[in-house]
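First up is the structure itself, then whatever we jot down about it.
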There are 4 protein chains.
Amino acid sequence: MINIDFKDRRPIYQQLMDSVEDLAAKGLLKANAQLPSVRQLAVDLSINPNTIQRAYAELEKRGVLYTVPGKGSFLSDNRKQLLEDKENKLLQALRDIFAQALELGLSLDDLLARAKNSFKEVTHD
Amino acid sequence: MINIDFKDRRPIYQQLMDSVEDLAAKGLLKANAQLPSVRQLAVDLSINPNTIQRAYAELEKRGVLYTVPGKGSFLSDNRKQLLEDKENKLLQALRDIFAQALELGLSLDDLLARAKNSFKEVTHD
Amino acid sequence: MINIDFKDRRPIYQQLMDSVEDLAAKGLLKANAQLPSVRQLAVDLSINPNTIQRAYAELEKRGVLYTVPGKGSFLSDNRKQLLEDKENKLLQALRDIFAQALELGLSLDDLLARAKNSFKEVTHD
Amino acid sequence: MINIDFKDRRPIYQQLMDSVEDLAAKGLLKANAQLPSVRQLAVDLSINPNTIQRAYAELEKRGVLYTVPGKGSFLSDNRKQLLEDKENKLLQALRDIFAQALELGLSLDDLLARAKNSFKEVTHD
DNA sequence: GTGGTCTAGACCACG
DNA sequence: GTGGTCTAGACCACT
């Protein structure tokens, strides 16, 4: 369910956070479900517990999960908010791309059409 | 022409490289035009000369510029190649966004339409 | 009467102690009234009996309640003392706030007036 | 300027954050001033660099400081915002106290008057 | 020199 | 068992 890519430039704790957020946003983890314990996940992923701890702590500050000391970590009930946030990020990323295309003098519609085509090819597998 | 943002997360040498590439891709710097000397740019931007040196060295390795010992650094004549590269990067970025939208169950057309709309509003200034 | 908030940062045994002390100070629990048994409360609140045990033990150490082996736990007759303690805590908290306001250069009277106003608004329900 | 109390219950990194925020809010540290380096402060306070690093990282996320990798950490220019935040925290703390006093049946004006009096005595030194 | 990440291992509080 | 904090020491990227 959670994969770490050691070749990825992003730090491990960041990859972890993204994984958990994705799982939550996609609904693969239900609200109030208990997450693997820091130590267990550390063993499973062959990662130092401190690194897991850091990811969980940041996710708690962001409201993605809540933690009950001595009991464990549990997913928050905010999938809707998560989805909204991710949607806004995608929108902002698109706008940034649009701006760059504009500056380079590229046709936006042409670019989008080509992106769609090559995307379909890839996902036809 | 070249601005450095110290609060930007990207390293300074990276920002420098991006700036030069952008200027070249947009045609604001012509082929074979002489670039500011390492020392001059270091003074202008209040940056360590080593940092400028690194950026120039990387850009030379990428073929964006060439250096004539004792004379200075000059822009290569490869605007076409640069534009193509940037276009491919944008396409790849779009495909990544498409994939994420798909995973989140968002409507791609809807997302694109909204991005276009909010983009137009912003750029109507 | 007693509520536990698992998302509260305070440990559960602490929340329990605070609840009992509050009920006693407010007079909602009379002197010598019998408290729920450890087992009963553990079931009611879905909490580990050890946690209840710890809270009761601490409360007994503080003189808030007394335990008759084989019969149960009963509230001590010290509401006056409890009230005084809580009052002193509030006074100390106020003094701390005053000190902080002073350090930040805020007007104490102004701050108090605004706190009163916004407090009244909230409690006018 | 920065003191750590090992008897304090608050974790060290938390004390550190509070200290820096206080210095910034009180204006004892000017905007864009460079903070001691992680390693230097670690030596000065006899604390592990990781702990300093953690405090600085959190302060950066809160916008209290910004960091230029390879150069150092610098105070952000947001004293006004900091002061406002601290003021709101004090207001909220006051409202909480008011609510508790109300529940205990204490006279708010009486409580405030006594707090003021005892506060003056202490600060008359 | 600077900050950022990670590991290993320890100790504490909580349930 | 759980999470939270801290130390020691290492390595990396950046200036």
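Computed from a prediction, not measured in an experiment: that's the story for all the values here.
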Without decimals, in angstroms, what is the distance between C:Arg9 CZ and F:dG3 P? 18 Å
Can you find a pair of side-chain heavy atoms, one from B:Arg62 and one from B:Met17, that are under 4.5 Å apart? yes
Using whole Å, report how far CG of C:Leu41 lies from P of E:dG15. 14 Å
Would you please confirm or rule out a distance under 4.0 Å between OP1 or OP2 of E:dG3 and any side-chain N or O of D:Thr67? no
For E:dC11, the nucleotide meeting Watson-Crick or G-U wobble distances (both under 3.5 Å) is F:dG4
Measure CZ/D:Arg10 against P/F:dG4 and give the value in whole Å, please. 19 Å
Rounding to a whole Å, what distance do you find between A:Leu35:CG and F:dT2:P? 13 Å
Quickly work out the A:Lys61 NZ to F:dG3 P distance and round it to whole Å. 17 Å
Spell out, as yes or no, whether a donor-acceptor pair under 3.5 Å connects the side chain of C:Thr67 to the backbone of C:Ser73. no
In a table with atom names and distances, give each donor-acceptor pair under 3.5 Å that connects a side chain of residues 40-47 of chain B to protein atoms at least two apart or in another chain.
from, atom 1, to, atom 2, distance (Å)
B:Gln40, NE2, B:Asp44, OD1, 2.9

Start at the 5' end of DNA chain E and walk down; is the nucleotide closest to D:Lys71 or to A:Gly70 reached first? D:Lys71
Could you tell me whether B:Lys7 and B:Asp5 have a side-chain N and a carboxylate O separated by less than 4.0 Å? no
Closest approach to the side chain of A:Glu60, judged atom by atom: which nucleotide of E:dT5, F:dG4, F:dC14 is it? F:dG4
Does a side-chain N or O from C:Tyr13 land closer than 4.0 Å to OP1 or OP2 of E:dG15, or not? no
Report the distance from atom CE of C:Met17 to atom C1' of E:dC14, rounded to the nearest whole Å. 14 Å
Can you measure A:Gln15 atom CD to E:dT5 atom P for me and round it to whole angstrom units? 12 Å
Checking side-chain contact (heavy atoms from CB on, under 4.5 Å) against A:Leu75, which of A:Asn32, A:Leu29, A:Leu59 comes through? A:Leu29
Given the structure, check if the side chain of D:Arg39 and the base of E:dG1 hold any donor-acceptor pair shorter than 3.5 Å. no
Against the side chain of B:Ile12, the closest entry in E:dC14, E:dT7, F:dT15 is F:dT15
Residue A:Arg10 excluded, over 12 heavy atoms near CZ under 6.0 Å: yes
With side chains defined as the heavy atoms from C-beta onward, is the minimum distance between C:Glu60 and C:Val64 less than 4.5 Å? no
Interface residues of residues 46-58 of chain C with DNA chain F (non-hydrogen, below 4.0 angstrom): none
Can you tell me how far P of F:dC14 sits from CD of B:Gln14, to the nearest Å? 8 Å
